[in-house]
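Inspection log for the structure reproduced underneath, given as structure tokens.
So you know, we letter chains A, B, ... as the sequences are listed, proteins then strands, and number each from 1.
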Number of protein chains: 2
Amino acid sequence: MNLSKTTKYAFRILGHMAKDEKVLYSAQQLHKDIDIPERYLRRLLTDLSKSGFIKSIQGRQGGFTFARDTSKITLMEIVDSIDGKDSIDGCILGYDVCVFNYSCPMHNVWEETKQKTIDTLTKTSLKDINNHPHDVF
Amino acid sequence: MNLSKTTKYAFRILGHMAKDEKVLYSAQQLHKDIDIPERYLRRLLTDLSKSGFIKSIQGRQGGFTFARDTSKITLMEIVDSIDGKDSIDGCILGYDVCVFNYSCPMHNVWEETKQKTIDTLTKTSLKDINNHPHDVF
DNA sequence: GTTAAATACTACAAACAAGTAGCATTTATG
DNA sequence: CATAAATGCTACTTGTTTGTAGTATTTAAC
Ligand code: SF4
Ligand code: SF4
């Protein structure tokens, strides 16, 4: 159960970009809009590009824009691409491989909550977020 | 949204100890029962002792036993003592201080899931876990 | 073609979390 | 009292994540 700082950065970046889905954003512009260290932001943008969420256009007047429709990009995919699925779905006791056949007391207590989390992350797309009646990000 | 490896270790340790609430456990014994590096385990036990979950008895034949009834120790308290409340309750976008008055699109999407997590951790005590009809840990 | 403004690549540095080691202290046992 | 078996304290080491720097590459504009 772990969302790294980097994943949270990705949420900010993609969430912001999703406000205007078709715009081409430069790293510099994004840095002005969002509070993330510039060089790190740039590296993340390249990573997100490699992960297939956005695509980059090189050269002067270049930048980043979505590679797919924002309604098709779920929060779970973003988490998975950076932290990996196990960061959410892994053993709550921290075991790499379960030795209790996925049914120890702790597992049973936690299972429902974990599923709720996975469901929310899986069902929520970037478009869902920005359909919300707010005008921030 | 973050449970550190150390918190997961604490779940293992206290969950195991809660099986027999009144027993005095030595670090050596716990190390045999649970797969945690011995020296690190010992340090954790001291920390958990300082946090008031267990109490230590020094000297030969010493060890650790619960300082309070296991029904009074919630998972949330354990998480809080190691990672801090914000590891769970903090901003999903990673901001240290919210600039959106706790109501941006992402916040609203995430809120219910976060509350579910907090509720589960807060309502579940060590006793609850071990009342479960399983015999592992 | 040269310049300027953008991304790409790769290595390094700093901060943090996890794990290890040595030695001090406490106390039951004989 | 001496020994043994336990916890307590503090510093060090290792590994991972986060952040920075330098340089190369791409492409629009002039
Ligand atoms: S059953 Fe227990 S040990 Fe196995 S994956 Fe679930 S929580 Fe972890
Ligand atoms: S409103 Fe948005 S920025 Fe503020 S704490 Fe909630 S998620 Fe974070």
Side-chain angles (χ1 to χ4, degrees), chain A residues 1-13 17 23-32 34-67 79 81-84 86-87 90 93-96, chain B residues 1-13 17 23-32 34-67 79 81-84 86-87 90 93-96:
Chain A
M1 199 62 161
N2 200 332
L3 293 186
S4 68
K5 195 168 187 178
T6 303
T7 290
K8 291 170 183 174
Y9 281 168
F11 283 171
R12 285 196 217 173
I13 296 166
M17 289 177 70
V23 170
L24 186 74
Y25 297 88
S26 71
Q28 201 172 61
Q29 184 57 48
L30 288 170
H31 177 59
K32 278 179 194 147
I34 315 172
D35 184 29
I36 299 176
E38 186 169 5
R39 296 306 293 273
Y40 198 57
L41 168 61
R42 272 162 56 186
R43 216 174 61 183
L44 281 190
L45 284 166
T46 304
D47 291 346
L48 291 171
S49 174
K50 284 183 181 162
S51 301
F53 302 119
I54 55 181
K55 62 189 170 198
S56 69
I57 292 172
Q58 285 195 32
R60 190 168 176 156
Q61 302 298 326
F64 302 88
T65 192
F66 281 101
V79 171
S81 78
I82 297 171
D83 295 336
D86 274 1
S87 65
L93 296 176
Y95 287 107
D96 285 336
Chain B
M1 199 64 162
N2 200 331
L3 293 187
S4 68
K5 195 168 187 179
T6 303
T7 290
K8 290 170 182 174
Y9 281 167
F11 282 171
R12 286 197 218 172
I13 295 166
M17 289 177 70
V23 170
L24 186 74
Y25 297 89
S26 71
Q28 201 171 62
Q29 184 58 50
L30 287 171
H31 176 59
K32 278 178 193 147
I34 316 173
D35 183 29
I36 299 176
E38 186 168 6
R39 294 306 294 272
Y40 198 57
L41 168 62
R42 272 164 55 187
R43 218 175 60 181
L44 281 190
L45 285 166
T46 304
D47 291 346
L48 291 171
S49 177
K50 285 182 180 164
S51 301
F53 302 120
I54 54 181
K55 63 190 169 198
S56 71
I57 293 173
Q58 285 194 33
R60 191 167 174 158
Q61 302 298 326
F64 301 88
T65 191
F66 282 101
V79 171
S81 78
I82 297 171
D83 295 336
D86 275 1
S87 65
L93 296 176
Y95 287 108
D96 285 335

Q.
Base contacts versus sugar-phosphate-only contacts with protein, heavy atoms under 4.0 Å: please encode nucleotides 21-30 of chain D as B, S and - from 5' to 3'.
A. BB---BBB--
Rounded interatomic separation in angstrom, taking [atom1] from [X] and [atom2] from [N]:
X       : N      : atom1 : atom2 : result
A/Leu30 : C/dA5  : CG    : P     : 18 Å
B/Ile82 : C/dA17 : CD1   : P     : 12 Å
A/Tyr40 : C/dA14 : OH    : C1'   : 13 Å
A/Asp83 : D/dT17 : CG    : P     : 9 Å

(Q) Please find the pair of heavy atoms, one from B/Gly62 and one from B/Ser26, that lie closest to each other, and give the distance. (A) O-CB, 4.3 Å
(Q) Can you give me the closest heavy-atom contact between B/Arg12 and B/Ile36, atom names plus distance? (A) NH1-CG1, 4.0 Å
**Q.** Any side-chain heavy-atom pair of B/Lys55 and B/Thr65 under 4.5 Å
**A.** yes
Q) Are the side chains of B/Leu24 and B/Gln61 in touch, meaning some heavy atoms are under 4.5 Å apart? A)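 A side-chain contact under 4.5 Å is absent here.
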Q | Closest-nucleotide 5' rank along DNA chain D - winner of B/Ser56 and A/Lys5 | A | B/Ser56
Phosphate contact ([N] OP1 or OP2) by [X] side-chain N/O below 4.0 Å:
X       : N      : answer
A/Ser4  : D/dT17 : no
A/Thr46 : C/dA8  : yes
B/Lys50 : D/dC9  : yes

**Q.** From CA spacing to verdict: side-chain hydrogen bond (donor to acceptor under 3.5 Å, both in side chains), B/Tyr9, B/Ser4
**A.** CA-CA 9 Å; B/Tyr9 281 167; B/Ser4 68; over 6 Å; no
Q) What nucleic acid atoms does B/Gln28 come within less than 4.0 Å of, heavy atoms only: base, sugar-phosphate, or nothing? A) sugar-phosphate
Q: Scan A/Ser49 against the nucleic acid and name what it touches under 4.0 Å (heavy atoms): base, sugar-phosphate only, or nothing.
A: nothing
Q: Among D/dT18, C/dT7, D/dG19, find the nucleotide with the atom closest to the side chain of A/Tyr9.
A: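 The nucleotide sitting nearest to the side chain is D/dG19.
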Q) Does B/Ser51 reach the main-chain N or O of B/Asp47 with its side chain, forming a donor-acceptor pair under 3.5 Å? A) yes
